[in-house]
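For reference, the structure discussed in these notes is given below.
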Amino acid sequence: MTTDSLEIVDPARPSLGARIGRIAFLVVAAIIVIAVAAAFFVTWTIQRPFPQTDGALPLDGLEAEVTVQRDDRGIPTITADSTHDLFYAEGFVHAQDRFFEMDFRRHVTAGRVAEMFGESQAATDAFLRTLGWRTVAEAEVEAMDDVTLGYYEAYADGVNAYLSSRSGAELSLEYAVLGIQNPEYAPEPWEPADSVAWLKAMAWDLRGNVEDETERSLLAAELASGSADAAETQATLDDLYPAYPFDEHPVIVPEISTVPALGTDAEPAAFTTEKNDDESSDEVQQAATTIEWQEASDVIEAASILVGDVGEGIGSNSWVVSGDLTSTGMPLLANDPHLGASLPSVWYQVQLKCSEVTDECPFDVGGFSFSGLPGIVIGHNQQVAWGFTNLTTDVTDLYIERIEGDRYWRDGALVPLEESTETIKVAGGDDIELTIRSTVHGPIISGLTDDFTAIGDDPEPGLTAGGATSPAPAGDGAEYAVSLRWTALDPGTAATAIFALSTAQDFEEFRHAASLFDVPAQNLIYADTEGNIGYQTPGRLPIRGAGDGWMPQPGWDSSYDWTGFIPFEELPVSYNPASGYIVTANNAIVTDDYPYFLSRDWDYGYRAARIAHLIERRAAAGPLTAEDMRETQMDSEMWIGKRLASAMDDVEVKGAGTADAVGLLRSWDAQNEASSAAAAYANVLWSNLVQNLFAERDEPLPIDGQGRLFTVVADLLDDPADPLWTNQALDVSSMDEMLALSAEEAYDELSALQGTTVSAWRWGELHAITLTSDTFGSSGIAPIEMLFNRGPFAVSGGASVVNATGWELGTSYATTTVPSMRMVIDLSDFDASTWIHLTGASGHAFDEHYIDQTADWAAGVQKPWAFSRTAVDAAARHTLVLTPAG
C-alpha cells in the first residue's frame, strides 16, 4: 500500500464527525438565538401597546388629578373633580385600550377606509361617503350647546394626549401589521365629529326594514313576470310577510299611560319636506351616483362587515319588573342588545364618577359605552337605570325617482338634482373622484348594489304592490333611479341625549332625555330607586303621506313624502303598569288602533311572548330574583322546534338513522342547549325544511328572517292542503312527503358533520362562534388571522329565541349575531348588579383582558360590578393617577 492511498491524520485537527457536530451546534445555537430574538421581538411588539395601569402619569391639559381604578377584569372606574377632567380621562382610557378600533371606526364612518387598507376598500368608501355620515356628524357638533360640546372636546383632548405619547406599533399591534402594507399611515388627531359619527354607524346597524322593502319589491317584480296578476302578487306577499300576530303575542304598551307633558323642548327636530329643489344645498350631503368601476354586488355586504349587518338576530331583549314582584321589593331591570359579533366587543364597560356630585359635575354613572364616544350609553346612575332595544319602527323608505339628465320629476315639473364631488384617497393608489347626487328624498342608491339597481330597472310591480297609484311622468331619455329617505341622514340630538340619560333623576327627566334620543330609534325602559318602572318610545318617527313605506314609493309625487314627525307627547309611554312588568323584544309597540303608522315589519314576538310567560310563571311561584332574570336571558326554547317535533310524530321516514334522529325530538325539552343532540337535529331539520319549502323551487322565495318564517311555516303546518307543500323540483306533493324528505336530508347532513351516532351530536359545536377581528381577522393570511381571531366557542341559543344567537339559514349554523352584552340591574343594591359582554375590556390581542369574558358569556355567567365608592376601592387591582403635567 502506498502513501498515496493513505489519509494523513493531523492529531491536532478535529475529526469530520466532531466538525459536523460543532457546525450543527453552531447552527442550532444560531437558530435558538434567532428564535429567542424573534420571540423577544414579537413579545415586545405585542406587549408594547399594553396600557399603563398603575403609578402616576402626567398629562398636559388636565386641571387636577384623576384616579383610574381597574378591577380584576380590567374594567375602569374613573373619578375626577370636573366634567372636563372626567371626559378627558375617559378619552385617554378608551385610547389606551381600544385606539385602533376607534381609528378604524372613524375611517369607516367617514368613508375613508381605503386610506388605511388600499384600493380594495374604495367601493365601500364610495357607498359610505354617499350616505354622508361624517357630514351629518359635523352638523350635529356645530349645533351642540356649549356644555355638551365641552364634553366632546375634553374627550378628544384626552384621546389626543394619548396619541401624543405614542405612535405606530406603540399604539396597537394592528399598526405594526398595517405598516407592512401601508408604512406611511399615521393616525390623525381625534375630533368631536369622530365620536358623533359612530352613532350613525349604530343607526345603520339598526336601520330597520330597507332590506325587507327591497326584497318585497324584487319578489313582486318576479311574481309579475310570471302568471300572477296584481291581486295574486299581493296575496303571495301577504302570505310570506304576515301581519304581526296581535292575538297571540304581546305588545309593549297595551295601554298608554297618562303622564305630565314635558313642554315644547320635547318636540322633534324641525321638519322640512323640501331641500331646495331649485338649487344645490350646502347642508348635509346625502347624494349618490353609479360607480362604474366598483363591484356593486359586494358594496352593502362590505359595508355591513365594517359597520354591522341587519342579519338574523339583530334586535334585543329588555324588561323591567316592579318591586311588587321581586324578593327585595325594588325593581329589577334586564337588557341584552343583539348585534353582530365583533372582536373586540362593540361595548366598552366603564364608570364615570365626579369626586363630588354637584350641578357643575353631575355624573355618578356606570355601564356600557362605545370606545370613541364619551359618556355611558346603557347603565345606571345613583337613582335611575335604563336599557335599550331596537324600536323596529320603519324609519327608512325607498323612493323611485324619474330622472332626465341632471334633473328629476317632482309634481309635474323637472327640478335639478343636487350634485357634489368628493375625493377618495387610496393608500398606494391614485385618488378617485366621486360624483354624488341626491333628490329631495336623499341619496340616489341605485347603482350601488344589484338589488337597488334592479328595483330601478323594473319599478312598476313594487309600486303597484305598495299601493302607489301615481303614474310615472313621461319624458324622452328618462330613466328610473332609487333614492333613500332615512332619519339618520338628518342632523339630530342623540349625541346630547347620552348625557341627559346619565344624569336623569326621575321619570320626567328620563323622558326628557328620551325626547332627545332620535336616531337610532330605541325602546327605552326605566327603573328608579323609588320603586318606579317605565317605558318611553323615543326617536324621530316619520308621519307619512299617501304610502306606508312597506314598498318603494313614487318620488315624483309629493303626496307620498313624509309630512312630519310624530309629536313626542303622542308617542307610547308606560309608567308603573298594573301588570308589574314591561317587556320589549322588538315586538309591536302598540295595537293597531294607535293613531299613527309605525311599522308593518315588527319582530313577530316569539321572544317577547316567552319572556312575558317566564316572568308570569316565576312570579306565580314566588318573588322574582335577579337570578330569575339571568336565567330568563339564557332561555333557549325554540318555539318552532316544538311544532316540528309534534308534526314529525306521524311522519314515516326512511332509514334507521333518520328514525333514531326523529326519536330525539320526542323527549326534547325544546331548549337549544349547547350539549343537546336533539337541538342539533331540530335546527338542521328546520333549515332543510325551510330551504325545501321556499328556496329549492323553480321560482325561489326568500328565506331570511327566521321569526317571520316561524309564523309562515306554523300556518303551513296547520294547513296540509296549502300548495306550498308541493314542490315539483323535489318531486314532493304533500306535507308528510316534505317533512320526511327534510328529516332524511337533515340526518344525512348532520351525520356527515358529526358522525352517525345521533346521541353524540352537539348543537353547540355546530352553532359555535369564532370571534373575528373586523380588520385583519378576515385578511386571508392565516398567520395574521391567528394573531387576532379567537375560537371557536360552543354556544347555546338560536334564532328567534330569548338567548338570541343568530345564524343564517342556507349559509351556516355558526353564530353570527349575539347578545352583545347582558346586564341585570338590581335597584336595591347596585353593587349586586351583574354584567357580562362578549369579549373583554381590551382591544389588544394577547392582553389578558382581550377575551377574558368570553367563556363566562358563552356559559351565561354574569359577575357583580362594584359601584359604591367603598366597593370600588375594595375591588381595585390597579390604580393609575393621571396628574396635570408640570
Side-chain angles (χ1 to χ4, degrees), residues 108-112 122-139 197 200-201 203-204 207-211 213-214 217 272-277 280-292 294 296 299-300 302-304 306-307 310 394-403 406-410 415-422 424 432-456 459 479-492 519 542 549 552-556 560-562:
V108 170
T109 57
R112 296 175 55 191
T124 308
D125 278 353
F127 172 72
L128 295 170
R129 196 80 65 91
T130 288
L131 297 182
W133 294 343
R134 170 70 187 206
T135 309
V136 180
E138 289 171 351
K200 303 302 171 186
W204 172 261
R207 59 195 174 271
N209 78 333
V210 69
E211 278 83 359
E213 195 173 331
T214 300
S217 181
T272 304
T273 56
E274 300 294 330
K275 291 189 179 177
N276 297 334
D277 279 341
S280 177
S281 169
D282 291 329
E283 293 184 5
V284 181
Q285 296 297 328
Q286 304 174 26
T289 188
T290 301
I291 311 303
E292 297 297 338
Q294 72 190 30
V299 173
I300 297 294
S304 295
L306 295 178
V307 178
V310 182
D394 187 355
V395 294
T396 57
D397 279 349
L398 299 176
Y399 284 89
I400 307 298
E401 309 286 3
R402 188 69 164 158
I403 294 179
D406 59 357
R407 298 184 296 173
Y408 67 106
W409 286 95
R410 285 283 289 171
V415 297
L417 287 162
E418 267 188 35
E419 189 170 296
S420 65
T421 302
E422 293 197 17
I424 297 174
I432 297 170
E433 295 300 311
L434 174 68
T435 302
I436 54 179
R437 304 180 298 168
S438 69
T439 74
V440 64
H441 302 111
I444 295 174
I445 55 177
S446 48
L448 293 175
T449 76
D450 288 346
D451 284 351
F452 293 145
T453 303
I455 293 173
E479 59 183 12
Y480 290 108
V482 179
S483 66
L484 173 65
R485 182 75 171 101
W486 180 28
T487 54
L489 300 185
D490 299 324
V519 176
Q553 313 292 308
W556 52 82
Y560 288 88
D561 288 356
W562 295 0

Handout entry: Stepwise side-chain contact (heavy atoms from CB on, under 4.5 Å) test for I436 and R129
Key = CA-CA 9 Å; I436 54 179; R129 196 80 65 91; 5.6 Å; no
Do you know which two heavy atoms are closest between [X] and [Y], and how far apart they sit?
| X | Y | result |
| --- | --- | --- |
| A139 | P491 | CB-CG, 3.7 Å |
| Y408 | L417 | CD2-CD2, 3.5 Å |
| A122 | I432 | CB-CD1, 3.7 Å |

Does the side chain of [X] reach to within under 4.5 Å of the side chain of [Y], using non-hydrogen atoms?
| X | Y | answer |
| --- | --- | --- |
| R485 | D490 | yes |
| L398 | S217 | no |
| D406 | P416 | no |

Problem - Sequence-distant partners of Y399, ring-ring contact (aromatic ring centres under 6.0 Å, His included), two or more places apart - result: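 Y399 satisfies ring-ring contact (aromatic ring centres under 6.0 Å, His included) with H441 only.
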Nearest-0.5 Å distance, [atom1] of residue [X] to [atom2] of residue [Y]:
| X | Y | atom1 | atom2 | result |
| --- | --- | --- | --- | --- |
| R407 | E401 | CZ | CD | 15.0 Å |
| R437 | S483 | CZ | OG | 11.0 Å |
| L484 | S446 | CG | OG | 11.0 Å |
| R112 | I424 | CZ | CD1 | 11.5 Å |
| W562 | T487 | CH2 | OG1 | 5.5 Å |

Problem - Donor-acceptor pair, side chain of D125 and main chain of F127, under 3.5 angstrom - result: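 Judged by distance alone, no pair lies under 3.5 Å.
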Exercise for the section: Without swapping roles, check the side chain of Q553 against the backbone of D397 for a donor-acceptor pair under 3.5 Å. Expected result: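 No; zero donor-acceptor contacts below 3.5 Å.
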Problem - Over-ring placement of R402 relative to Y480, 6.0 Å and 45° cut-offs - result: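 Cation-pi check for R402 and Y480: passes.
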Exercise for the section: State which residue, out of T109, L131, V136, fulfils the side-chain contact (heavy atoms from CB on, under 4.5 Å) condition with K200. Expected result: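 For K200, the side-chain contact (heavy atoms from CB on, under 4.5 Å) test succeeds with only one of T109, L131, V136, which is V136.
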